[in-house]
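Encoded as structure tokens, the structure appears first; notes follow it.
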Amino acid sequence: MLERTTGGLVVRAVDPATPSLASEWRRLQERGGVDTPFLTWEWFSALAESPTLARHCVVLVVDRPGGQTVGVLPLEVAPDPTGLRVVRCAAAGDLGADHLDVVAAPRDREEVAAAAARYVARVLRWDMADFEGLLQDGALARALTRELRWPRCLPLRPQVEPVAVMDLRSEEVRQRLVRRGARGLKWVQRAGGGYSSVTDPAEVGPALETLMDLHNDRFGERSVVFSTPERRTFHLTVATRLAAAGMARVNRLSTADQDIAFEYVLLHGDRAYAYQSAFRPGVGHSPGRTVMCQGVLGLAGEGWVEYDFLRGEEDYKADYATGTRPDVRLRALRPTPRAAGWLAGRLRRRVAGALDRRRSGDAGD
């Protein structure tokens, strides 16, 4: 366990399996320390139990000098395919965690983020920092922007990642959903089926199993989210735990004899999050759109305020979005031999690309 005092707070780097972590994290969560389902203990505990997914994880625990824990930040420090040692937020890559920040009560969040960011920048060993999925206006994004700068490291250009959201309080939005989902709903009703929302923790897992099968059948090697047995096990575990806490459901569209579309939705605060979906090709009328529209209408009727599409540039999101809740990706390089080699290779590729474009332009004249 590494430990360092930064800015009056003590930062400890601990293993995800540390026994005291669960109670510390849950206490912070109960006091409003979490603003996204991807930072709940239900989500992280499932990750920590996977020997494969958690093998590079470390958790920064931030304490007051007297020993009271006031914040945590789950990280991953791992080699990437190019050989760089990369630090990032845990689960921000292939598992698609979004709107990330530190886990801390609102009154402590800026202070905790500052201490954690200092620890990342000045203590942890890495070649590249790659913090994607950060909430753009969050405390951690601000603190890392201050710390990941020259001469300590070379910051790369920040990349803002617009995330489409839908205001569920809008009557216009609700009427649009009714219109777009009506034809598909009538089709399944004529086929002896209908729409349902699976919320029972014992039933969420089996529904998610079918969703994962349909998703992988459709996308094959292009999809990574459910691509390995370890990832599937993680999702089944986390979905069951979140459902038991009222923070997950699987919406389903069925005929009399088969399920034809699913949507896996996470819930936190007053927001719903569209994590993943799948449908059976060649059956029904726009089953994917139908299950989404019916699910969102149900959420609006229950009083949820916003539907978050999460990251991704799928065209359909623009058809429903009423605004955005942007994330940001912050990257930086340390002055290490591996990072210098990566940067040199990047520059060579850019120069080669520019020369190719110039030669193509000259050939066309």
Side-chain angles (χ1 to χ4, degrees), residues 29 32 34-44 46 91 95-101 133 135-136 138 161-178 180-181 184-185 195-201 203-205 207-208 211-212 215 225 235 238-253 261-279 287-314 316-327:
Q29 187 170 323
V34 172
D35 284 336
T36 171
F38 304 108
L39 288 172
T40 60
W41 176 248
E42 288 81 0
W43 175 275
F44 183 75
L95 295 178
D98 267 353
H99 307 313
L100 300 174
D101 206 333
L135 185 64
Q136 186 184 27
E161 303 171 303
V163 179
V165 298
M166 190 191 322
D167 186 350
L168 302 187
R169 297 164 295 186
S170 167
E171 181 61 29
E172 180 183 349
V173 165
R174 290 195 290 268
Q175 291 303 317
R176 187 189 314 157
L177 291 167
V178 169
R180 294 185 177 182
L185 183 61
Y195 164 83
S196 61
S197 186
V198 182
T199 59
D200 186 329
E203 299 177 5
V204 162
L208 185 58
L211 183 155
M212 292 190 289
H215 181 89
V225 65
H235 283 293
V238 74
T240 301
R241 290 180 184 174
L242 287 170
M247 291 191 285
R249 63 180 59 174
V250 176
N251 298 325
R252 177 171 57 196
L253 198 69
F262 294 88
E263 185 175 40
Y264 177 27
V265 179
L266 307 182
L267 306 162
H268 192 272
D270 56 6
R271 293 186 174 98
Y273 300 80
Y275 186 76
Q276 198 51 263
S277 62
F279 62 89
R289 180 178 66 187
T290 302
V291 74
M292 186 200 76
C293 289
Q294 297 305 315
V296 176
L297 284 168
L299 291 164
E302 294 172 26
W304 297 90
V305 169
E306 188 175 88
Y307 184 81
D308 190 316
F309 287 97
L310 299 176
R311 280 180 291 162
E313 299 178 354
E314 294 86 350
Y316 78 92
K317 295 179 181 181
D319 294 336
Y320 296 92
T322 58
T324 62
R325 189 182 180 214
D327 282 350

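Below, each value reflects all heavy atoms present in this structure, side chains not excepted, and no hydrogens, waters or symmetry copies. The first residue of the sequence shown is numbered 1, and numbering continues consecutively from there.
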Could you tell me the separation between the CZ atom of Arg174 and the CD atom of Glu171, rounded to the nearest 0.5 Å? 4.5 Å
Check whether Thr322 reaches the backbone of Asp167 with its side chain - one donor and one acceptor, N or O, closer than 3.5 Å. yes
Between Gly138 and Asp101, which heavy-atom pair has the shortest distance, and what is it? CA-OD2, 3.4 Å
To the nearest 0.5 Å, atom CZ of Phe38 lies from atom CG of Leu95 at 9.5 Å
Test side chain to side chain contact (heavy atoms under 4.5 Å, CB included) applied to Val204 and Leu242, Thr199, Val250, the passing residue: Val250
Surrounding CD of Glu172 (heavy atoms of other residues, nucleotides or ligands, distance under 6.0 Å), is the total greater than 12? no
With no hydrogens and no angle check, is any side-chain donor or acceptor of Thr36 less than 3.5 Å from a backbone partner on Leu39? no
Quick one, Met292 and Phe309 - any side-chain contact, counting heavy atoms below 4.5 Å? yes
I'd like to know if Arg311 and Asp98 make a salt bridge, using a cut-off of under 4.0 Å between side-chain N and carboxylate O. yes
When you measure from the side chain of Asn251 to the backbone of Ser197, do you find a donor-acceptor pair of N or O atoms at a distance under 3.5 Å? no
Taking C-beta and beyond as the side chain, do Arg252 and Val291 meet within less than 4.5 Å on heavy atoms? no
Considering all heavy atoms, the nearest Thr290-Gly184 contact: OG1-CA, 3.3 Å
If you look at every heavy atom in Ala261 and Pro287, which pair is closest and at what distance? CB-O, 3.5 Å
Between Asp308 and Val163, is any pair of side-chain heavy atoms under 4.5 Å apart? yes
So how far is it from Leu297 CG to Leu177 CG, rounded to the nearest 0.5 Å? 4.5 Å
Does Arg180 count as lying over the ring of Tyr320, i.e. NZ or CZ under 6.0 Å from the six-ring centre, within 45 degrees of the axis? yes
Working to the nearest 0.5 angstrom, can you tell me the gap between Leu168 CG and Arg271 CZ? 11.0 Å
Using only atom types and a distance under 3.5 Å, with no angle test, would you say the side chain of Thr40 pairs donor to acceptor with the backbone of Pro37? yes
Rounded to the nearest 0.5 Å, the CD atom of Glu306 sits from the OH atom of Tyr273 at a distance of 7.5 Å
Check His268 against Val34 and note the closest heavy-atom contact, atom names and distance. CE1-O, 3.0 Å
Show your working on ring-ring contact (aromatic ring centres under 6.0 Å, His included) between Tyr264 and Phe262 and close with a plain yes or no. CA-CA 7 Å; Tyr264 177 27; Phe262 294 88; over 10 Å; no
So, Glu302 and Arg249, do they make that salt bridge, N to O below 4.0 Å? yes
Would you sort out whether Tyr307 and Leu299 count as a side chain to side chain contact (heavy atoms under 4.5 Å, CB included), showing the intermediate values? CA-CA 8 Å; Tyr307 184 81; Leu299 291 164; 3.9 Å; yes
What pair of heavy atoms forms the shortest contact from Gly269 to Trp304, and how long is it? O-CZ3, 3.2 Å
Pair Asp327-His99, side-chain donor/acceptor within less than 3.5 Å: yes
Tell me, do Glu263 and Gln276 make a side-chain contact under 4.5 Å, heavy atoms counted? no
Any donor and acceptor pair, going by atom type alone, linking the side chain of Lys317 with main-chain N or O of Leu310 inside 3.5 Å? yes
Over all heavy atoms of both residues, which pair between Gly246 and Leu267 is shortest? Give the atoms and the distance, please. O-CD1, 3.7 Å
Side chains of Glu161 and Gln136 only: does a donor on one sit below 3.5 Å from an acceptor on the other? no
Aromatic plane relationship, Tyr275 with His235 - under 30° parallel, 30 to 60° tilted, over 60° perpendicular: tilted
Hey, are the side chains of Leu266 and Met247 touching, using non-hydrogen atoms and a 4.5 Å cut-off? no
Approximate separation, where rounding is to 0.5 Å, of Ser277 OG and Arg289 CZ: 13.5 Å
